[in-house]
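Working notes, beginning with the structure itself.
In what follows, chains are A, B, ... by sequence order, proteins preceding strands, each numbered from 1. The figures that follow rest on heavy atoms only: side chains count, while hydrogens, waters and symmetry mates do not.
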2 protein chains.
Amino acid sequence: MSLKHAILVMLDQKPHSGYDLLQQFKESVGYFWNAKHQQIYRQLKILHDEELIAFQSEIQSGKPDKKIYAITQQGKDELLRWLKEPVATNKINDALLVKIYGADSAPIEDIASEIERHIEIHQNTLNYLLALEKKYLSLSSNEQLNFRYPYLTLRRGILGEEAWLRWAEEATQLFKK
Amino acid sequence: MSLKHAILVMLDQKPHSGYDLLQQFKESVGYFWNAKHQQIYRQLKILHDEELIAFQSEIQSGKPDKKIYAITQQGKDELLRWLKEPVATNKINDALLVKIYGADSAPIEDIASEIERHIEIHQNTLNYLLALEKKYLSLSSNEQLNFRYPYLTLRRGILGEEAWLRWAEEATQLFKK
DNA sequence: GATTAATATGCAACAAATTGCATATGGAGT
DNA sequence: ACTCCATATGCAATTTGTTGCATATTAATC
């Protein structure tokens, strides 16, 4: 759907290789977009065929060659078109909540330990995001201005994870009884 | 992946037709699972072929016939197996955040009005979920006990939407300037 | 009388995402 | 020497999800 546009947004900021994009999806922007490397490379090929992006091969000593992709004017046009268009709200499909909804049908300990496991993951994510926030807050106010929109998405991540963990407290309360 | 198991969970509570399931996905459990009718009917066919569910046709005066699906013993076994197995945390792909991340590239008013639009949708969702909560809280404590797990998923929805709206306040602050 | 909404189900084509496999190099650790 | 990890890219098959189309009835609205 809009992996295409997620990539265009990234490339509009600065050129990236497929591997770079993968790292971004795994690290900084992973809170709001995720994709596997196979999907990224395939999409890059499609975007290149559509002439929305272009690349230059970068020969690296040691490591394999990198293809550095940059957005073209046509790509910028397409991005602008998409940015102006309304997007649908997020479709939520949360398997953990499916499990909890059906918790009557399973041993309670299994569900409880599953929640424990997820709490740990979410706590780690939150810590990571808070560290990113700290880094942002230590920037000069001029630099902060440059990153205000990415920072806003980071805030979404932080508020989202905090809310998740508050919910998890309610959940563990229920499963303790 | 687990539309299959979402359906099994629902059918384990009580028999449903495909149309019933669709309504559930659109209404009560829509906060954590969504599917289109075509996908549901196809999955029901697959589950029936796998003998995880069985159905009885119900002749209705006026309306077309209904196929009422119920879970089989094999289905229950499969559900239990899945419930015991760890599930991956949610993959998040949020197009609105992609837009905001790339907000530098678009007219600020377009992004701002898009956020306004989403606020309205999330506010409506929250109101709907709060109404469901009110209904739950008016039940006798005995009935509440029966619905404690579905209620926990409802709490997730409420806390999630509240957090989203708090974030949106930060967002509108930023876009006002 | 004609249209629209709600109920009820489904096929077919297409798009998107996942899983499995495959290749290649260099550096670090055992 | 051997293995593992990070870097770097990609094809093919399968599964999952979306979009378009199709059908049939009743009740309500215009």
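Less than 4.0 Å separates DNA chain D from at least one heavy atom of each of the following residues of residues 37-50 of chain B: B:Q38, B:Q39, B:R42. Proximity of residues 87-97 of chain A to DNA chain D (heavy atom under 4.0 angstrom from any strand atom) is restricted to A:K91.
Using a cutoff of 4.0 Å between basic side-chain nitrogens and carboxylate oxygens, B:R166 and B:E170 are not scored as salt-bridged. A salt bridge links A:R155 with A:E133: the closest approach of a Lys/Arg side-chain nitrogen to an acidic carboxylate oxygen falls below 4.0 angstrom. Using a 4.0 Å cut-off between charged side-chain N and carboxylate O, A:D94 and B:R156 make no salt bridge. Salt bridge A:R81/A:E78: present, at least one basic N to carboxylate O contact under 4.0 Å. Remark: B:R117 does not engage B:E120 in a salt bridge, criterion side-chain N to carboxylate O under 4.0 Å.
Both the sub-6.0 Å distance and the 45° axial angle are satisfied by A:K99 relative to the ring of B:W82.
Of the candidates C:dT7, C:dT9, C:dA17, C:dA17 carries the atom nearest the A:L3 side chain, counting heavy atoms from C-beta on.
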Evaluate A:Y149 against B:Y101 for side chain to side chain contact (heavy atoms under 4.5 Å, CB included), listing each step before the verdict. CA-CA 5 Å; A:Y149 298 128; B:Y101 192 87; over 6 Å; no
CA sep, side-chain torsions, deciding dist, call: A:L80, A:K76, side chain to side chain contact (heavy atoms under 4.5 Å, CB included): CA-CA 6 Å; A:L80 188 61; A:K76 285 185 186 193; over 6 Å; no
Show your working on side chain to side chain contact (heavy atoms under 4.5 Å, CB included) between A:K26 and A:L22 and close with a plain yes or no. CA-CA 6 Å; A:K26 278 205 281 197; A:L22 178 68; 4.2 Å; yes
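A:Y69 places its OH atom 10 Å from the C1' atom of D:dG10, with the value rounded to the nearest Å. For the pair B:H5 NE2 and D:dT15 C1', the interatomic distance rounds to 14 Å; values are reported in whole Å. Atom NZ in A:K66 sits about 16 Å away from atom P in D:dA6, given to the nearest Å. Atom CZ of B:F55 and atom P of C:dT9 are 10 Å apart (whole Å). When the P atom of D:dT14 is taken as reference, atom NZ of B:K4 falls 17 Å away, rounded to whole Å. B:F25 places its CZ atom 12 Å from the P atom of D:dT18, with the value rounded to the nearest Å.
Close to D:dG10, at under 4.0 Å from its OP1 or OP2, lies a side-chain N or O of A:K67.
Residue-to-nucleotide proximity on DNA chain C shows that, of B:L22 and A:K36, the 5′-proximal contact is made by B:L22.
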